[in-house]
Amino acid sequence: MAAAGAAKATAAAAASPVFRSNQELTRLARSGQLAAARRLFDSMPRRNTVTYNAMLSALARHGRIDEARALFDGMPSRNAVSWNAMIAACSDHGRVADARSLFDAMPGRDDFSWTLMVSCYARAGELDLARDVLDRMPGGKCTACYNAMISGYAKNGRFDDAVKLLKEMPAPDLVSWNSVLAGLTQSGEMVRAVQFFDEMVEKDKVSWNLMLEGFVRAGDLDGASTFFARIESPNVISWVTLLNGYCRAGSIGDARELFDRMPERNIVAWNVMLEGYVRLARIKEACKLFEEMPDKNSISWTTIISGLTRAGKLQEAKDLLDKMPFNCVAAKTALMHGYLQSKMIGDARQIFDGIEVRDAVCWNTMISGYVQCGMLEEAMLLFQQMPNKDTVSWNTMIAGYAQGGQMRKAVGIFRRMNRRNTVSWNSVISGFVQNGLFVDALHHFMLMRRNTTRADWSTYASCLSACANLAALQVGRQFHSLLVRSGHINDSFAGNALISTYAKCGRILEAKQIFDEMVGKDIVSWNALIDGYASNGHGTEAISVFREMEAKKIRPDEVTFIGILSACSHAGLIDEGLKFFNSMEKEYSLKPVAEHYACMADLLGRAGRLNEAFELVQGMQIKPNAGMWGALLGACRLYKNDELAQLAAEKLFELEPHKTSNYVLLSNISAEAGKWDEAEKARASIKEKGVHKPPGLAGST
DNA sequence: TATGCGTAGT
């Protein structure tokens with residue numbers, strides 16, 4: 001009788017308006033329609049705890065943690081689910097301390113709460129703290145809680161601890177086994193994974209799919225397809241995993257064949273296939289597939305719109321977007337991004353303004369678009385208007401000001417940041433380097449270490465560049481050993497920076513040694529070595545490195561030629577230099593740019609072939625820049641050709657009217673030629689034209 | 001109807 005009464009009550013509850021609205025709220029939240037969910041929430045005349053909980057996790061799912069917290073704090077009554085949802089929200093966004101204080105303050109902790117806290121610590125890499133929570137769980141550890149800990153160990157490479165805990169469990173389930181397996185396959189430990197998989201007493205589809213994913217991740221597509229054939233009845237995830245493997249490897253033919261063989265295709269399968277085409281810029285096939293898709297969700301729309309914009313078909317993307325039957329911020333942002341890449345700021349802004357509820361990616365895309373166009377004031381205005389700035393927003397502004405030479409503002413923003421990550425530190429450090437403030441760069445590296453923020457290849461590359469510019473050999477050596485210890489020595493970026501550093505400190509032999517030991521040499525490594533030889537006056541060695549490149553069929557790029565031409569110039573190898581210069585376009589279809597012409601002007605000028613140098617510069621397709629005229633002016637001084645000097649100087653004055661040293665140089669040349677009037681005239685123009693040192697800058701200009 | 005541990009897509 002009691003059961004019948006309860007059933008009646010449940011039926012009555014299910015029929016109630018609050019219950020039905022709650023269901024709808026959950027449905028909207030799960031399909032990603034946050035704006036609609038919030039509208040419904042706001043319009044509900046009566047709400048219960050479930051209503052608040054549903055809204056809370058909807059906000060959390062969209063990363064709106066602060067709003068979720070405000071809702072939580074203002075809730076009329078909270079149950080365990082409310083607390084757990086709030087803890088989960090903090091955990092999902094790395095707010096470990098907040099999660100912990102909620103956990104501590106929570107009145108009646110249940111299994112969910114303990115599991116969440118273990119998982120939160122484990123995902124933050126705080127395995128000992130996670131273990132502490134697990135061990136303190138009253139009334140026996142629950143299975144999910146054990147599993148969270150096992151997963152934490154396995155995902156952090158502590159496989160032995162994971163297995164040990166698994167063996168201690170009174171009743172491990174499939175999730176326990178699969179957690180260990182996932183750790184192995186996801187960290188590429190395929191040998192151990194195969195062994196573990198064979199030893200598993202019980203396996204389900206997840207186990208098989210994890211193994212399959214492991215083969216795909218390792219790039220072993222043959223192994224993956226063989227393994228796939230062994231799966232008794234592969235489910236959609238198995239099919240999609242292999243399909244995704246083919247797509248990522250660019251084997252679009254195999255992918256399509258597999259796709260056509262699939263017994264049932266869900267939307268993820270369609271999206272993977274679509275993304276496969278888009279990735280290879282096969283836009284026609286992508287559009288055809290998109291048309292054929294039985295269901296399209298926001299990911300499908302985002303993929304096709306970004307495919308069209310990447311193919312430069314902005315109008316088609318816009319037309320298609322106008323037909324989108326629902327509101328998808330990501331797809332609109334993709335079009336915005338396309339406009340911004342093409343510097344169509346107005347069109348991008350129009351899309352931005354038309355988006356009702358913008359997410360952080362949307363804001364950040366627009367801000368970064370302004371930054372890339374050098375419109376820092378507009379970027380800053382938008383940044384200030386942005387309601388929930390994330391780390392990316394802050395980092396974008398820091399990098400923007402740093403690249404724009406406004407280090408004071410960059411540092412100001414950096415100091416005001418709450419949660420700095422590696423990128424934040426890298427942005428200020430590389431900003432200092434780009435603006436010539438090398439000591440500040442190294443100082444901030446020390447602060448970064450004190451802050452225990454992890455350094456990456458980019459950090460090391462910037463710091464090494466600072467060392468190179470300061471010719472700080474000893475500090476450079478310290479970074480070298482840091483690179484070895486942190487395992488970044490095999491990153492080509494860091495290795496390349498190390499080559500340049502040793503070369504710029506005059507240690508070309510050590511540079512060569514790094515180069516020889518490097519595993520993944522790329523074109524930048526070769527260029528760094530050539531440039532190193534060139535700047536140390538070893539022209540012939542630079543050329544022989546170039547010959548080695550040719551022998552190994554490594555294509556030189558524009559930068560290679562800058563190095564090689566300056567090597568010829570320093571070594572006085574005029575004819576070789578001319579030959580290299582001529583081969584650029586003929587043999588490698590590389591168009592010479594300003595820097596190459598400047599090298600040639602320098603090369604011919606140093607050899608005293610001033611007339612040829614002038615002809616070259618004046619016959620260029622591009623407008624000569626100050627560097628070229630400067631090189632010629634220097635050469636004129638060396639060879640005491642004051643007539644040509646006058647010509648070069650005039651051009652230089654036009655381009656750099658405020659640079660004092662140009663006037664001084666011409667004055668000296670004229671004086672050396674005995675033309676005192678000319679010399680005096682040049683000196684006088686410094687005062688006449690109001691040439692002066694810019695205020696606030698020490699040293700000469 | 002809302003919250004936790006293991007597998008696929010932007």
Side-chain angles (χ1 to χ4, degrees), chain A residues 10 13-14 16 18-27 29-30 48-58 60 79-89 91-92 110-120 122-123 134 141-152 154-155 172-183 185-186 204-214 216 234-245 247-248 266-276 278-279 297-307 328-331 333-334 361:
Chain A
T10 312
S16 80
V18 184
F19 187 96
R20 281 205 306 274
S21 296
N22 286 347
Q23 274 185 318
E24 175 64 6
L25 187 62
T26 306
R27 192 194 65 78
R30 287 202 177 141
N48 58 20
T49 310
V50 175
T51 319
Y52 280 94
N53 290 347
M55 193 65 227
L56 175 62
S57 51
N79 60 15
V81 177
S82 327
W83 285 89
N84 291 339
M86 197 61 233
I87 294 173
S91 168
D92 284 345
D110 60 9
D111 283 2
F112 281 83
S113 329
W114 289 91
T115 307
L116 275 162
M117 203 58 236
V118 171
S119 161
C120 177
R123 275 189 282 174
L134 176 75
K141 308 169 175 77
C142 71
T143 307
C145 207
Y146 264 119
N147 291 346
M149 191 66 233
I150 291 174
S151 168
K155 285 228 160 72
D173 62 3
L174 269 164
V175 176
S176 328
W177 291 91
N178 287 338
S179 298
V180 177
L181 188 63
T185 57
Q186 285 164 3
D204 68 354
K205 284 282 175 309
V206 174
S207 331
W208 285 87
N209 291 342
L210 275 167
M211 287 298 291
L212 183 63
E213 225 271 320
V216 165
N235 65 11
V236 196
I237 296 185
S238 327
W239 285 91
V240 170
T241 303
L242 187 59
L243 182 70
N244 188 38
C247 287
R248 293 185 88 95
N266 65 7
I267 192 154
V268 180
W270 284 91
N271 284 344
V272 169
M273 194 65 235
L274 185 67
E275 155 73 11
V278 164
R279 183 190 289 270
N297 64 8
S298 57
I299 293 180
S300 333
W301 281 90
T302 309
T303 306
I304 193 70
I305 295 293
S306 94
C328 169
V329 185
T333 306
V361 176

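In what follows, chains carry the letters A, B, and so on, assigned in the order in which the sequence lines appear, proteins first and then strands, with residues in each chain numbered from 1.
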Q. How close or far is atom C1' of B:dA8 from atom CG of A:Asn244, stated in whole angstroms?
A. 7 Å

Q) Of all heavy-atom pairs between A:Leu243 and A:Met273, which one has the smallest distance, and what is that distance? A) CD1-SD, 4.0 Å

Q. For the pair made of CG in A:Asn271 and P in B:dG9, what is the distance, rounded to whole Å?
A. 11 Å

Q.
Expressed as a whole number of angstroms, how long is the span from A:Gln186:CD to B:dC5:C1'?
A. 13 Å

Q: Scan A:Asp173 against the nucleic acid and name what it touches under 4.0 Å (heavy atoms): base, sugar-phosphate only, or nothing.
A: nothing

**Q.** Of the listed nucleotides B:dG9, B:dT3, B:dC5, the one nearest the side chain of A:Ala85
**A.** B:dT3

Q) Within the structure shown, what part of the strands sits under 4.0 Å from A:Cys142 by heavy-atom distance: base, sugar-phosphate, or nothing? A) base

(Q) Under 4.0 Å, counting only non-hydrogen atoms across every strand here, what does A:Lys155 touch: a base, just sugar-phosphate, or nothing? (A) sugar-phosphate

Q | Rounded distance (Å) that lies between atom P of B:dT3 and atom OH of A:Tyr52 | A | 18 Å

Q: Choose from B:dC5, B:dG6, B:dT1 the nucleotide whose nearest atom is closest to any side-chain atom of A:Ala182.
A: B:dG6

Q | Between B:dC5 (C1') and A:Arg123 (CZ): distance, integer Å | A | 10 Å

Q: With the side chain of A:Glu275 defined as its heavy atoms from C-beta on, choose the nearest nucleotide among B:dT10, B:dA2, B:dC5.
A: B:dT10

Q.
Testing the basics here: between A:Gly245 and A:Val216, what is the closest heavy-atom pair and its distance to 0.1 Å?
A. CA-CG1, 3.5 Å

Q: Grab the CG-P distance between A:Asn147 and B:dC5 for me, whole Å please.
A: 10 Å

Q.
If the cut-off is 4.0 Å, is A:Arg30 near the phosphate of B:dA2, judged by side-chain N/O to OP1 or OP2?
A. yes

Q: Mind checking A:Val206 for me? I need base, sugar-phosphate or nothing, with any heavy atom below 4.0 Å counting as a touch.
A: base

Q: Pick base, sugar-phosphate or nothing for A:Asp110, based on heavy-atom distances below 4.0 Å to the nucleic acid.
A: nothing

Q | Electrostatic pair A:Glu24:A:Arg20 at N-O distance under 4.0 angstrom | A | no

**Q.** Identified side-chain contact (heavy atoms from CB on, under 4.5 Å) partner of A:Lys141 from the options A:Thr115, A:Leu134, A:Asn147
**A.** A:Leu134

Q) When we call it a touch if two heavy atoms are under 4.0 Å apart, what does A:Leu116 touch: a base, just sugar-phosphate, or nothing? A) sugar-phosphate

Q) Any N or O donor-acceptor pair linking the side chain of A:Asn22 to the base of B:dA2 at under 3.5 Å? A) no

**Q.** Exercise: do A:Asn244 and A:Thr241 side chains pair donor with acceptor under 3.5 Å
**A.** no

Q: Quickly work out the A:Glu213 CD to B:dG9 P distance and round it to whole Å.
A: 7 Å

Q. Taking all atoms of both residues into account, what is the closest heavy-atom pair of A:Ala122 and A:Gly152, and its distance?
A. CB-CA, 3.6 Å

Q: Scan A:Asn266 against the nucleic acid and name what it touches under 4.0 Å (heavy atoms): base, sugar-phosphate only, or nothing.
A: base

Q: Let me know the distance between OH of A:Tyr146 and P of B:dG6, rounded to the nearest Å.
A: 18 Å

Q) Which of these nucleotides, B:dT1, B:dC5, B:dG9, is closest to any side-chain atom of A:Val268? A) B:dG9

Q. Where the side chain of A:Asp204 is concerned, which of B:dG4, B:dT7, B:dG6 is the nearest nucleotide?
A. B:dG6

**Q.** Under 4.0 angstrom between A:Gln23 side-chain N/O and B:dA2 OP1 or OP2
**A.** no

Q. Which of these nucleotides, B:dT10, B:dT7, B:dG4, is closest to any side-chain atom of A:Leu210?
A. B:dT7

